[in-house]
Each structure stands twice: as C-alpha cells, then as structure tokens.
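Below: the structure, in structure tokens.
From a predicted model like this one, the values you see are computed outputs, not experimental measurements. Quick note on labels: first sequence line is chain A, next is B, and so on, each numbered from 1.
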Amino acid sequence: MQSVSFSDLGLSPELLKAVKEMGFEEASPIQASTIPALLSGKDVAGLSRTGSGKTAAFAIPAVECVDASLGAPQVLILCPTRELAVQVAGEVAKLSAFKRGVKELAIYGGASYGAQFRGLENGAQVIAGTPGRIMDHLDRGSLRLDAIKMVILDEADRMLDMGFRDDIATILQQAPPARQTAFFSATMPSAVEQLIKRYTSNPMWVRLETRAEAAPDIDQCYFEVGHGSRIGALCRVLEATNLRFGIIFCSTKNAVDGVTEHLVAEGYQADRLHGDMSQAMRERVMRRFRDRKLEFLVATDVAARGIDVDDIEVVLNYDLPRDPEDYVHRIGRTGRAGRSGRAISFATPREMFALERIFRLTRIKIRRERMPTPAEAAQKRIEVLVETARALIATGTVSKAHFGAKALLSDGTEPEVVIEALLHLLTHRKATGAKSSGANQDNDSRADVVPSGGPRAPKHGDSGEKPRREARSYRSDGPRPEWQDRGARPQREYGGNRERPVANKPAFKTERPTRAPQRGPR
DNA sequence: AAAAAAC
C-alpha cells in the first residue's frame with residue numbers, strides 16, 4: 001500500500017488538527033483501510049498482530065462519529081485489560097482535543113465508582129472499558145447503551161481466552177442493532193470468527209501481514225540458561241548490554257515479585273505490574289514507567305498486549321510464554337512507530353520446544369547468543385561508566401561532586417588510583433550496602449537520581465557506610481525462592497562456563513529469610 | 001499452565 005496522508009482520509013478539520021498535533025502525518029496501512037471504512041458506516045473485522053497504529057485506526061472514526069450535542073454514550077470500546085482501557089481512553093482524549101464537547105471515559109474494575117458515575121452523568125460519549133465493570137454499570141443502570149452508534153472490540157481473541165464470551169454477548173445485545181461493530185484480533189480462531197459472523201454485517205476485512213510485520217525492526221536473540229540461573233543471567237545481561245528502558249516479562253506473578261525485588265536490591269529502578277496489585281498501584285507504576293521514572297517494568301502478560309509506551313528499548317523474556325502468540329505480543333512492546341527495538345529471551349533446555357514453536361510462528365530466526373562471562377560484563381560496565389563520565393564532564397553537570405574530588409585528591413593520592421577506586425565502587429553496587437527497599441514502594445523521590453547512563457546509584461551509598469562485600473556469607477544449599485525454577489538444584493550456569501553458581505548470591509535470601517539464630521531480643 | 005477480569 002502506498003503511503004496515505006491523513007489529510008486524504010476525509011477527516012474533519014478538528015480531527016485532522018489533533019492528528020497533526022500528535023505528530024502523525026501518514027496513515028499506517030491499517031489506518032488507511034480501517035478509517036474510511038468505519039467513517040462510511042461499514043463494519044470492520046481486523047486481523048492485526050500488534051499495535052502499529054491500531055488504536056488510532058478505530059479511535060479516529062470513533063471520535064468523528066460522536067454527536068457532541070448529545071450527552072450519552074455513543075461509542076463503546078471493549079478492552080481485555082484495565083491498563084489498555086486507560087490507554088485507549090487517553091488516546092481518545094488526545095484525538096478529541098479540538099472537537100468541543102466530546103468526552104471520553106474509562107470504565108474498569110478496581111477503580112472507585114465515583115469518578116465513573118460522574119463521568120457518565122456528565123455525558124461522556126466515548127467509553128473505553130473492561131467487560132466486568134461495564135456489565136456492573138449496566139446492571140446498576142448507570143450505563144445505558146441505547147445511544148450507542150459504534151462498538152469496538154479490541155484484542156477479541158484475548159477477550160475470549162479470558163472467558164468474556166458471555167459478557168460480550170450481553171453487552172452487544174444491549175446496544176442498538178443498527179450500530180456499527182468493529183472487531184480487532186491478533187488471531188482468528190473459529191470462536192472469534194463466530195463472534196464476527198454473529199455481531200457484524202458484511203464487514204470489511206482488514207488483514208495485516210502477520211509474518212513479516214510481526215517484528216518489523218526488532219533484533220531478537222536468546223540465551224540458554226540452566227535451571228535456577230535465570231536471575232543471574234538476567235542481571236549479567238543487563239550489566240553487559242547497558243540497556244536503560246525496558247519491560248521484563250515473567251509468566252507468573254510470583255516470578256514478577258521475585259525478579260522485581262532482586263533488581264531493586266541490585267540498585268535498578270524497577271517496579272512490577274500484575275493482577276494481584278491494587279489498581280491504584282498498577283496505575284502509579286504505569287505512570288512512572290511512562291514518565292521514565294523506572295528503568296524496568298517487570299510484568300506478567302497483563303502488559304503483553306497493546307501497551308504502548310514510547311521508545312521502549314528492549315523486551316526481556318525472563319521466561320518464555322507457553323503460547324507463542326504471547327511472545328509476539330510481548331516483543332511488540334518495543335520497535336514501535338517505526339523505531340528499532342530489541343528482544344532478549346532466556347530459555348532453559350526445557351523451554352527449547354517453546355522456542356521452536358515461536359520460530360515456526362514468526363519465521364524469524366532468533367539468534368542464540370553466548371552468555372557474557374562475569375569479566376566481560378564487568379568490562380562492559382566500566383566502558384559504559386567511562387562514556388557516561390565523559391558525557392557528564394562535557395555537559396558540566398558534575399559541579400556538586402567537586403568538593404568530594406578535592407577531598408579525595410588532597411592527601412596526594414594519584415588521580416588514577418582515585419578514579420579506579422570510584423569505578424570499583426560503582427561497579428559493585430551492593431558493596432555500598434544498598435538494601436532492597438521492597439519492590440513496590442513509591443520511589444518517586446529517588447527517581448531523578450538515576451544517571452541516564454552508567455550504573456545505578458546505590459540507594460544509600462552516600463552515607464559513608466562501609467563496604468559489606470567481604471562480610472558476605474555464601475551458602476550453597478539455601479532454599480530457592482519459589483519464583484525461580486522449581487526443583488532446580490545448584491549447578492553450573494550457562495552451559496558450563498566456569499562461574500560461581502548464581503544460587504549462592506546472598507540476594508536470593510532476601511526472598512525467604514533463613515531462620516538464623518537471632519541476635520538480641522525480637 | 002498462567003494470566004486476566006466486578007463487587
């Protein structure tokens with residue numbers, strides 16, 4: 001398809017202005033075909049693997065079709081996760097910035113009813129939400145669908161996976177039959193086809209090439225890891241690659257908690273996202289991630305679909321999803337909007353079958369990479385530090401440290417030795433006594449301390465604590481936290497490199513403290 | 001198999 005400008009799509013001046021304001025010039029293929037179809041009143045069935053402008057493809061016609069003089073829900077967008085509903089509502093808000101009187105509202109569980117009641121009473125016309133809470137509002141009578149003109153189901157296959165079939169049916173039955181309906185789905189299992197047959201009439205089919213475009217510009221590789229050495233492998237790769245902004249996917253909530261705590265203890269700005277957290281916390285974390293106050297978001301597959309955060313450098317698969325589709329969704333969080341991205345996976349020998357299935361689905365060879373040795377990782381770290389220091393010097397942002405430099409040099413130590421010592425300190429974060437502060441605290445106060453490159457600032461590193469490194473006691477038989485591979489035994493990691501078993505790292509014990517003799521009264 | 005989703 002040749003490039004299509006938004007100005008050729010027949011949009012109103014208000015929408016066109018909003019689109020321009022958002023920085024869009026050319027319509028993506030799915031937008032170029034979906035927008036005119038929806039504007040002309042047709043139903044749409046879209047097969048689209050990942051984001052690639054899909055939200056705008058339905059949100060633009062959604063805003064266009066709203067009668068701003070009528071304060072009743074006119075467009076309903078159903079999403080599989082709460083974060084997605086929030087994100088879609090945000091997109092609608094931007095697109096309707098210049099169309100006066102158009103109000104959007106996100107309706108989803110875990111959030112207070114007050115704002116949702118108010119939004120509905122205020123006459124919001126575009127509703128983005130998750131099925132449960134929408135049903136709830138329908139039951140309460142606070143949401144009525146009789147003025148609905150358009151219903152959009154985003155990630156329809158996922159919604160069926162999650163058992164929303166009956167809810168979808170109930171909701172669609174309450175919307176006027178004359179409405180428009182659009183389905184978007186990453187895959188087209190027969191259940192979704194049935195849904196489309198039943199709830200659309202003569203839809204226009206939009207298919208995005210699933211193979212080639214599955215991963216437009218994502219560099220994909222994997223590391224083979226031994227059972228139980230995932231966390232060590234993850235940390236080493238993070239160290240050796242100088243990645244600054246990414247999502248780390250885990251298949252279980254338990255693993256998400258464990259990985260988050262570990263990374264926080266290592267000094268990373270990391271936080272977690274999964275369904276056992278309060279909705280308020282989920283939203284706070286997402287906001288901090290979007291604002292780049294976090295380096296790494298550790299998440300279950302709740303974040304695998306649709307989440308659109310700008311410029312995510314890397315997606316790390318701490319483990320491989322069992323469903324190869326989920327792999328494609330996960331890595332689709334990076335390399336968005338024409339940018340390049342990276343996907344790094346960790347696979348145990350047992351997971352190689354999953355990798356094979358992913359190969360078959362994507363037809364993309366995922367490169368195998370050798371685990372960097374600790375020495376290589378450390379070397380890389382120093383290189384990054386030196387580069388970062390050069391950048392700091394160039395921008396002249398180091399003045400606050402000046403008195404410290406003077407102090408260190410005042411006793412006549414060679415500058416080189418001083419620098420060496422500082423670099424050593426920085427490459428041994430834990431040596432400065434940084435403690436896990438708990439994965440889930442609100443770390444806003446510290447957020448700006450993170451250097452934009454280089455190592456993480458030790459959290460309590462400036463309080464003159466003495467290095468604790470030598471005092472560490474190593475255990476080889478400690479209990480393994482549940483979030484690591486079950487049944488794993490301490491063993492050499494990474495296919496036989498001579499390295500110390502990661503299981504011996506003391507940080508593991510923060511998960512499940514051993515009952516050591518207590519010092520003093522409790 | 002796990003995850004997600006109303007109270």
[options]: which one has an atom nearest the side-chain heavy atoms of [X]?
| X | options | result |
| --- | --- | --- |
| A/D136 | B/dA6, B/dA3, B/dA4 | B/dA6 |
| A/K253 | B/dA1, B/dA4, B/dA2 | B/dA4 |
| A/T81 | B/dA5, B/dA2, B/dA6 | B/dA5 |

Given atom [atom1] of [X] and atom [atom2] of [N], what is their separation to the nearest angstrom?
| X | N | atom1 | atom2 | value |
| --- | --- | --- | --- | --- |
| A/R165 | B/dA4 | CZ | C1' | 17 Å |
| A/L160 | B/dA5 | CG | C1' | 14 Å |
| A/F249 | B/dA1 | CZ | P | 23 Å |
| A/Y108 | B/dA4 | OH | P | 16 Å |
| A/M135 | B/dA4 | CE | P | 21 Å |
| A/I168 | B/dA5 | CD1 | C1' | 11 Å |
| A/M277 | B/dA4 | CE | P | 10 Å |
| A/D323 | B/dA2 | CG | C1' | 11 Å |

* To do: Sequence neighbours left out, what passes side-chain contact (heavy atoms from CB on, under 4.5 Å) with A/A182? Give chain and number order.
  =>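 A/A182 satisfies side-chain contact (heavy atoms from CB on, under 4.5 Å) with A/L38, A/V44, A/I152, A/F184 once adjacent residues are dropped.
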Would you mind classifying the nucleic acid contact of [X] as base, sugar-phosphate or nothing, using non-hydrogen atoms under 4.0 angstrom?
| X | value |
| --- | --- |
| A/H274 | sugar-phosphate |
| A/R158 | nothing |
| A/M162 | base |
| A/D301 | nothing |

* Output the residues of residues 110-119 of chain A in contact with DNA chain B, where contact means a heavy atom of the residue under 4.0 Å from an atom of the strand; sort by number or write none. =>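 Contacts with DNA chain B under 4.0 Å: A/G110, A/Y113.
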* **Under-4.0 Å salt bridge between A/E313 and A/R333** =>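 Result for this pair is no, no salt bridge flagged.
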* Relative to the ring of A/H137, is the ring of A/Y113 parallel (under 30°), tilted (30 to 60°) or perpendicular (over 60°)? ->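 Tilted, since the angle between the ring planes falls between 30° and 60°.
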* Could you tell me whether A/R368 sits above the aromatic face of A/F223, with NZ or CZ closer than 6.0 angstrom to the six-membered ring centre and within 45 degrees of the axis? =>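 Pair A/R368/A/F223 does not count as cation-pi.
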Side-chain N or O of [X] versus OP1/OP2 of [N]: is the shortest distance under 4.0 Å?
| X | N | value |
| --- | --- | --- |
| A/R282 | B/dA5 | yes |
| A/T130 | B/dA6 | yes |
| A/R82 | B/dA5 | yes |

So, [X] versus [Y]: side-chain donor-acceptor pair below 3.5 Å or not?
| X | Y | value |
| --- | --- | --- |
| A/H329 | A/D301 | no |
| A/R367 | A/Q220 | no |
| A/T200 | A/D43 | no |

Report, one line per pair, each donor and acceptor closer than 3.5 Å where one atom sits in a side chain of residues 84-95 of chain A; sequence neighbours left out.
from: A/Q87; atom 1: OE1; to: A/R290; atom 2: NH2; distance (Å): 3.0
from: A/Q87; atom 1: OE1; to: A/D308; atom 2: N; distance (Å): 2.8
from: A/Q87; atom 1: NE2; to: A/G306; atom 2: O; distance (Å): 2.7

